[in-house]
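Just follow the structure's listing: the first ligand is 1, and inside any ligand the first atom is 1.
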Amino acid sequence: MRSPAIPEPLIRAVIGAVLGDDIAARPAGDAIPKHLLAPHAERIMRLSERFTGDAAERLPRYLDEARLDDSYALYYMPINAAKVATLIGIARAAGYLTAGSLRVAELGCGPGGGLVGALTALEGTALTLTGVDHSESALALAGRIISAAGGTFPSIRFNLEGAVPDLKTPQDIFIIANTLNELWRGRDDTIEKRTRLVAGLAEKHLAPGGVILLLEPALRAPSRELVAVRDRLLAGGGWRILHPCTHHAACPFAANSDEWCHDLLSWEIPDIVRQMDDLMGFNKHRLKFSSLVLTRGEPISPADRWYVLIDPHEAKGMTDLVACGERGMVRMILSRRSYSEANRPFRKLGKGDHFTLNLSHEPEKLYRLTPDDTVLVD
Ligand SMILES: C[S@@+](CC[C@H](N)C(=O)[O-])C[C@H]1O[C@@H](n2cnc3c(N)ncnc32)[C@H](O)[C@@H]1O
């Protein structure tokens with residue numbers, strides 16, 4: 001998967017809101033002086049430790065801490081915008097979100113990374129954006145960024161653990177990015193509550209043909225909890241998954257506590273993220289995240305659709321991968337002696353790709369492709 005590039009004016013809007021308009025106006029390619037970035041890098045390193053800590057512990061209201069929302073925006077905004085833009089692109093490729101004007105709401109918007117993702121993916125579409133968060137300072141920052149990017153931004157200060165916010169008009173896109181895992185942490189009914197929030201949005205506030213994007217860090221606990229929400233939503237019926245799942249059966253990872261599914265995204269890394277990475281020793285060359293793109297409707301699960309779960313492995317003339325489909329997880333191997341024009345695309349598959357392959361026989365432990373197998377990649 002590859003993300004669309006975040007347009008330069010959106011990156012400049014973030015830099016302007018955090019570091020000032022003079023810095024944002026510097027010619028492209030001019031590095032920002034290190035002493036301006038160093039305090040933000042130091043805060044991001046602290047924040048990143050919190051994000052990877054105990055998933056059951058309640059997080060403090062970190063975006064209310066002095067300057068933490070600025071630092072978060074400077075680094076994570078382009079990263080999260082790229083992920084959201086990619087998911088919106090996937091929904092559009094599936095035939096959704098094609099109207100000339102769309103309403104987009106981000107719940108737990110922080111400084112608005114998901115909304116910037118929508119602005120990126122939906123350039124040319126008239127967008128009405130709304131941000132919901134319980135942090136006043138994060139909402140104020142999101143307002144500055146979105147207006148500098150040319151958008152308008154009504155915001156709602158709201159505790160998502162209290163109820164589903166009433167947005168007055170049905171929304172075409174709901175984005176809940178890196179936020180679900182912060183809600184109702186460490187309770188017996190955590191999954192139930194999160195499921196109810198998502199179901200409530202769909203029942204009361206989602207426009208016909210609208211899409212809900214759930215996005216979480218690719219860490220064990222948030223990813224596995226997202227799977228649990230998925231399975232619980234599906235049990236209630238009336239959902240169609242547009243990404244990543246190719247089927248609507250129980251997730252095969254649900255029973256295996258050591259594994260989870262996540263996406264891997266290539267992107268055009270903006271200079272600001274590269275500079276921050278250099279200071280922190282991080283590497284956002286490729287972006288990892290867990291996600292679920294949902295819409296209301298009858299589930300469609302073609303038996304020949306697959307999702308590459310684990311980065312394919314090439315050894316001794318064989319391409320070896322694990323794919324997820326209606327039959328569950330299947331290890332698939334293409335050996336050199338079975339190469340053909342029809343199965344050639346199999347050799348180019350990467351983690352997170354979707355492909356079509358009609359299995360010619362029931363796999364036992366693994367499926368060995370034959371020269372007659374036809375593989376089509378999206
Ligand atoms: C990790 S940030 C994600 C920000 C943005 N969605 C992104 O992906 O960049 C999580 C956000 O959820 C918000 N949040 C956490 N608990 C909340 C609650 N109970 N009600 C409303 N917002 C909440 C936090 O204030 C924070 O802005």
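The proximity of Cys109 to ligand 1, defined as any non-hydrogen pair under 4.0 Å, is limited to the backbone. Contact annotation: for Asp133 versus ligand 1, heavy atoms closer than 4.0 Å belong to both the backbone and the side chain. The part of Leu183 lying near ligand 1 is the side chain, judged by heavy-atom distances below 4.0 Å.
Between Arg331 and Asp320, at least one side-chain nitrogen of the basic residue sits less than 4.0 Å from a carboxylate oxygen of the acidic one, meeting the salt-bridge criterion. Ion pairing between Lys193 and Glu161 fails under the 4.0 Å rule for side-chain N and carboxylate O. Salt-bridge formation is detected for the pair Arg286/Asp311: a Lys NZ or Arg NE/NH1/NH2 atom is positioned less than 4.0 Å from an Asp or Glu carboxylate oxygen.
Using a 4.0 Å heavy-atom cutoff, Tyr76 is absent from the residues neighbouring ligand 1.
No side-chain N or O of Ser223 forms a donor-acceptor pair with one of Glu216 less than 3.5 Å apart.
By the 6.0 Å contact criterion, CD on Glu298 is open, its count of non-hydrogen atoms from other residues, nucleotides or ligands being 12 or less.
No donor-acceptor pair closer than 3.5 Å links the side chain of Tyr75 to the backbone N or O of His40.
Every N/O-N/O distance between Ser135 and ligand 1 stays at or above 3.5 Å. Of the polar atoms of Glu106, at least one N or O is found under 3.5 Å from an N or O of ligand 1, judged by distance alone. Between Ala177 and ligand 1, a contact under 3.5 Å exists for at least one N or O pair. Polar contact with ligand 1: absent for Gly114 (N/O pair, distance under 3.5 Å). The shortest N/O to N/O separation between Gly108 and ligand 1 falls below 3.5 Å.
Taking every non-hydrogen atom of Asn159 and a distance limit under 4.0 Å, the qualifying atoms of ligand 1 come out as 18 (C), 19 (N), 20 (N). Against a heavy-atom cut-off of under 4.0 Å, Glu182 is close to the following atoms of ligand 1: 1 (C), 10 (C), 12 (O), 15 (C), 24 (C). Atoms of ligand 1 lying under 4.0 Å from any heavy atom of Asn80, numbered from 1 in the order shown and given with element: 7 (C), 8 (O), 9 (O).
In summary, the aromatic rings of Tyr367 and His361 are positioned with their centroids under 6.0 Å apart.
Taking the six-membered ring for Trp and thresholds of 30 and 60 degrees, His243 and Tyr307 have ring planes more than 60 degrees apart, a perpendicular arrangement.
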